[in-house]
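Heavy atoms only: backbone and side chains are in, while hydrogens, waters and symmetry mates are out. Proteins get letters first, then strands, A, B, ... in listed order; numbering begins at 1 in each.
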2 protein chains.
Amino acid sequence: MPRIRHERFDCSPGCTVEGTLRYIDGKWKGVVLYHLLESTLRFNEIRRRIPNCTQRMLTNQLREMEADGLIARKVYAEVPPKVEYSLTQRGKSLEPVVTALKAWGDANVTIDPQRSQAAA
Amino acid sequence: MPRIRHERFDCSPGCTVEGTLRYIDGKWKGVVLYHLLESTLRFNEIRRRIPNCTQRMLTNQLREMEADGLIARKVYAEVPPKVEYSLTQRGKSLEPVVTALKAWGDANVTIDPQRSQAAA
DNA sequence: CATGACGGTATCCTTTTCGACACTATGTGC
DNA sequence: GCACATAGTGTCGAAAAGGATACCGTCATG
C-alpha cells in the first residue's frame, strides 16, 4: 500500500514549504508531474519516458498523486486496457513550482552521465 | 554518516526537476532553507525554530546542505561554542524555488493542528 | 499454440530514513 | 560540586521507501 505521505506537517508555524515538498517528493513524482504538464499520457507512455522507474513504483506514485488530487485517472473500458493520466486543476497549479525547480536544476544541477553510469 | 543523497540523477533526459528535488528534499531542509533565507542563524536558533526536529537530524541536514554548497558554516573559536549558518550564493539562488513552494503551500496545504496533534 | 501489448498486483527483500536516547567538552553561574 | 548552555557525536532500532521479479486477464498477431 502506498501509504499517504504528508501525515504530519508539524514543522514550525507557517512552514507550508515542507507541506508542498511532501506532495512532490517521492522518487519519480517530479518527473511525472513534468511530463504530465506537457500532455495527458497513457500509463505506458509515462513508463517509456522514465525507463528507470519500475512499473510498481510508477503505479505507486501515480496512485499517491491521484489520492492527493494532483492527477486524474481515466479508464477506458476497451479491450486493450487504456488508462489516461492528466493533471487536475490542483496539479496544474503546481506548474510554477515545477518550473522553478527545473530552472534551478538547469542552472545548478550537473547531470553527469559518466557518474550515473558508474553508480549503476 | 549523512550519506550524500542525489547520487543518481538517472531520470529521463532533461529532468533536472528531480535533481533539484534531491537537494531540498530530506525531512527538514525546506524549513531550514526557509529560515536561513531570512537571516543567518546559530545552531540552536534554528533548533528552536523547528522544535520537532531532533538535534541529530538537524546536524545531518545541515551537513548535507553544507556538502551541497548550499549553506556556509562559520565556527567561532569561543568558549561557549558558537556556530553560524548562512546561505551561500548557491543557496540564495534557491529563493525562487522556496518561494514557489511556499506560495503553493499557502494556497493548497491545509495545516490541520488537530491532525498534527493527533498524529503526535 | 505461443507471444506480445496493455495496465496493472502481489510478494519479497534490501536500503535509507529518521526518531529516541545517551554521551562528549568547556566555561559560567549558583 | 552541580546544573546549564553551547554544538555537537554515536549507537540502536523501527519503519518506510524503493527495487526485483513474477503473476493476472484479455485480445490480436504470427
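Residue A:L87 forms a side-chain contact (heavy atoms from CB on, under 4.5 Å) with just one option from A:L33, A:L70, A:V32, and that option is A:L33.
Taking CD1 from A:I71 and CD from A:E84, the interatomic distance works out to 12.5 Å, rounded to the nearest 0.5 Å. How far CH2 of B:W104 is from CG of A:L94: 4.5 Å, rounded to the nearest 0.5 Å. Within the model, atoms CE of B:M57 and CD1 of B:I50 stand 11.0 Å from one another, a figure rounded to the nearest 0.5 Å. The OH atom of B:Y34 sits 11.5 Å away from atom CG of B:L101, with the distance rounded to the nearest 0.5 Å. Rounding to the nearest 0.5 Å places CZ of A:F43 at 9.0 Å from CZ of A:R73.
Applying the 4.0 Å criterion to OP1 and OP2 of D:dA17, one finds that A:W28 has every side-chain N and O outside that range.
The CD-C1' distance, from A:E66 to C:dG8, rounds to 13 Å in whole Å. The distance from atom CG of B:L58 to atom P of D:dA7 is 10 Å, rounded to the nearest whole Å. Rounded to whole Å, the distance from CG on A:L62 to P on C:dG8 is 8 Å. A:E64 has its CD atom 11 Å from the C1' atom of D:dG18, to the nearest Å. Between B:M57 atom CE and D:dG8 atom C1' the separation is 15 Å, expressed in whole Å. Atom P of nucleotide D:dA7 and atom CD1 of B:I50 are separated by 14 Å, given to the nearest angstrom. In this structure, B:N60 atom CG and D:dG10 atom C1' are separated by 11 Å, rounded to whole Å. Atom P of nucleotide D:dT9 and atom CD of B:Q61 are separated by 13 Å, given to the nearest angstrom.
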Nucleotide N/O to protein N/O under 3.5 Å, stretch nucleotides 9-14 of chain C:
{"unit_1": "C:dT9", "atom_1": "OP1", "unit_2": "A:R63", "atom_2": "NH2", "d": "2.6"}

Between protein and nucleic acid, restricted to nucleotides 2-6 of chain D and to nitrogen or oxygen atoms under 3.5 Å apart, what atom pairs and distances do you find?
{"unit_1": "D:dT6", "atom_1": "OP2", "unit_2": "B:N44", "atom_2": "ND2", "d": "2.9"}
{"unit_1": "D:dT6", "atom_1": "O5'", "unit_2": "B:N44", "atom_2": "ND2", "d": "3.3"}
{"unit_1": "D:dT6", "atom_1": "O3'", "unit_2": "B:R42", "atom_2": "NH2", "d": "2.9"}
{"unit_1": "D:dT6", "atom_1": "O3'", "unit_2": "B:P81", "atom_2": "O", "d": "2.9"}

message: For a side-chain contact (heavy atoms from CB on, under 4.5 Å) check, start with the C-alpha distance between B:L41 and B:R49, then their side-chain angles and the critical distance, and finish with the verdict.
response: CA-CA 10 Å; B:L41 293 172; B:R49 276 171 172 71; 3.8 Å; yes
field: side-chain contact (heavy atoms from CB on, under 4.5 Å) between A:D68 and A:K29, intermediate numbers included
entry: CA-CA 12 Å; A:D68 288 340; A:K29 286 191 185 175; 4.1 Å; yes
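Residues forming a side chain to side chain contact (heavy atoms under 4.5 Å, CB included) with B:T99 (at least two apart in sequence, or on another chain): B:E95.
Counting non-hydrogen atoms under 4.0 angstrom, A:Y76 reaches nothing in the nucleic acid.
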